[in-house]
Amino acid sequence: GQGRYYDPVNVKDFGAIGDGVADDSAALEAVDKYLSTTYQAAGAATHGAVAPEVIFPAGTYRITRVICWPGGYARSTPPLGGSSAGYRMTGYHFIRGLGEVTIRQDNPDADIFFIGGAYRTLIDNLKFQGGKRALKLTTYNMDSTNITIQNCRFENSGDFAIECIVRRSATAPDLDPCVPDPYYSWEILHHYSR
């Protein structure tokens with residue numbers, strides 16, 4: 001049934017330890033992979049998908065590379081042939097800590113979370129430590145995006161704690177090639193390509 005698409009996701013169900021010693025990077029990447037593939041299926045079933053809430057139980061989650069959360073847009077009509085190919089998840093992200101939760105980036109050159117295509121985003125009750133930036137987000141929207149970051153703390157980041165960049169839409173007209181485009185999405189996606 002469709003219910004499974006929207007059940008909350010607990011990072012510990014994917015192997016995250018949260019003891020501040022183990023490297024939880026692979027476990028959080030497994031959450032990302034699960035969300036990405038689940039949204040593909042949900043998009044085929046519902047013509048678009050909303051992300052389930054990702055839950056971090058109390059603990060310290062140590063990571064050593066950036067964690068990229070899935071994002072993008074949902075198509076309102078299915079691709080030709082009814083295939084799920086081409087569906088992308090909507091930019092809905094709900095990431096919440098339960099109790100005292102710290103996400104610690106031990107690589108000073110890596111960000112903590114990257115969220116591409118943020119649209120309706122809630123990040124709640126997390127403490128971010130270390131890394132280059134705690135949160136790097138991109139969005140296609142200047143007037144309809146609602147990004148809420150509440151009850152969070154930011155410590156010891158090497159750059160801005162939060163950075164949000166507006167990406168040019170893929171359908172936007174080409175700019176003057178003599179003028180650099182600071183929002184060109186390839187520059188962002190290439191940096192975070194997996």
Side-chain angles (χ1 to χ4, degrees), residues 4-20 22-40 42-43 48-74 88-107 110-141 145-157 160-165 167 188 192 194:
R4 72 181 188 276
Y5 300 138
Y6 307 109
D7 291 342
V9 173
N10 187 321
V11 298
K12 290 203 170 184
D13 291 341
F14 290 79
I17 305 299
D19 64 357
D23 186 344
D24 287 319
S25 301
L28 299 186
E29 288 168 346
V31 174
D32 164 51
K33 183 175 181 181
Y34 167 78
L35 294 177
S36 297
T37 56
T38 299
Y39 293 166
Q40 289 278 347
V50 175
E53 185 173 49
V54 176
I55 301 295
F56 283 82
T60 297
Y61 297 85
R62 175 181 168 265
I63 59 175
T64 55
R65 49 193 182 268
V66 63
I67 303 303
C68 301
W69 298 105
Y73 59 89
R88 298 178 68 186
M89 62 299 293
T90 55
Y92 285 72
H93 309 85
F94 308 101
I95 304 172
R96 186 184 311 274
L98 299 180
E100 297 289 326
V101 177
T102 299
I103 314 295
R104 191 181 79 224
Q105 174 60 271
D106 281 353
N107 180 347
D111 298 335
I112 296 179
F113 287 169
F114 171 72
I115 300 176
Y119 182 59
R120 299 286 186 259
T121 299
L122 170 65
I123 301 171
D124 183 31
N125 196 42
L126 297 173
K127 179 165 67 171
F128 297 93
Q129 287 184 340
K132 185 174 181 182
R133 284 171 291 247
L135 299 171
K136 181 164 183 167
L137 307 96
T138 66
T139 182
Y140 289 109
N141 303 288
T145 294
N146 184 2
I147 298 171
T148 303
I149 300 166
Q150 64 186 20
N151 305 315
C152 292
R153 290 187 58 187
F154 301 88
E155 300 176 348
N156 303 321
S157 58
F160 294 108
I162 303 169
E163 181 178 25
C164 187
I165 296 176
R167 290 168 52 181
I188 299 165
Y192 287 101
R194 287 164 290 175

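- Taking each heavy atom of Val66 and Ala110 in turn, the nearest pair found is N-CB, 4.1 Å.
- Residues Ala16 and Leu28 come closest through the heavy atom pair CB-CD2, 4.5 Å.
- For the pair Arg133/Ser157, no side-chain contact is recorded, criterion being any heavy-atom separation below 4.5 Å from C-beta on.
- Smallest separation of non-hydrogen atoms from Leu135 and Phe128: CD2-CZ, 3.8 Å.
- When side chains are defined from C-beta on, Leu35 counts as touching Val54, because their heavy atoms get closer than 4.5 Å.
- Asp23 and Thr64 form a side-chain donor-acceptor contact under 3.5 Å, judged by distance and modelled atom types alone.
- Using a 4.5 Å heavy-atom threshold, the side chains of Lys127 and Val101 count as separate.
- Using a cut-off of 4.0 Å between Lys/Arg side-chain N and Asp/Glu carboxylate O, Lys132 and Asp111 are scored as not salt-bridged.
- A search for salt bridge (Lys or Arg N to Asp or Glu O under 4.0 Å) contacts involving Glu155 returns Arg153, not counting sequence neighbours.
- Panel note: side chain Asp19, backbone Ala22; a donor-acceptor pair is recorded below 3.5 Å.
- If you take CZ on Phe56 and OG1 on Thr102, they are separated by 11.5 Å, rounding to the nearest 0.5 Å.
- When side chains are defined from C-beta on, Ile149 counts as touching Ile162, because their heavy atoms get closer than 4.5 Å.
- Taking CG of Asp24 as the reference point, atom CD1 of Ile103 lies at 8.5 Å (rounded to 0.5 Å).
- Listed by chain and number, the residues in a salt bridge (Lys or Arg N to Asp or Glu O under 4.0 Å) with Asp106 are Arg62, Arg104 (sequence neighbours excluded).
- Val9 places none of its side-chain heavy atoms less than 4.5 Å from the side chain of Phe94.
- In terms of the salt bridge (Lys or Arg N to Asp or Glu O under 4.0 Å) criterion, residue partners of Arg65 (sequence neighbours excluded) are, by chain and number, Glu29.
- Shortest non-hydrogen contact noted between Glu53 and Ile55 is OE1-CD1, 3.4 Å.
- By the 4.5 Å heavy-atom criterion applied to side chains, Ile95 and Ile115 are counted as neighbours.
- A distance below 6.0 Å separates the ring centres of Phe113 and Trp69.
- Atom CD of residue Glu100 and atom OG1 of residue Thr60 lie 9.5 Å apart, to the nearest 0.5 angstrom.
- Between Asp124 and Cys152 there is no side-chain heavy-atom pair separated by less than 4.5 Å.
- Rounding to the nearest 0.5 Å places OG1 of Thr121 at 6.5 Å from CD1 of Ile123.
- Taking each heavy atom of Gly15 and Ala27 in turn, the nearest pair found is C-CB, 3.6 Å.
- Closest of all the heavy-atom pairs between Asn125 and Gly99 is ND2-O, 3.0 Å.
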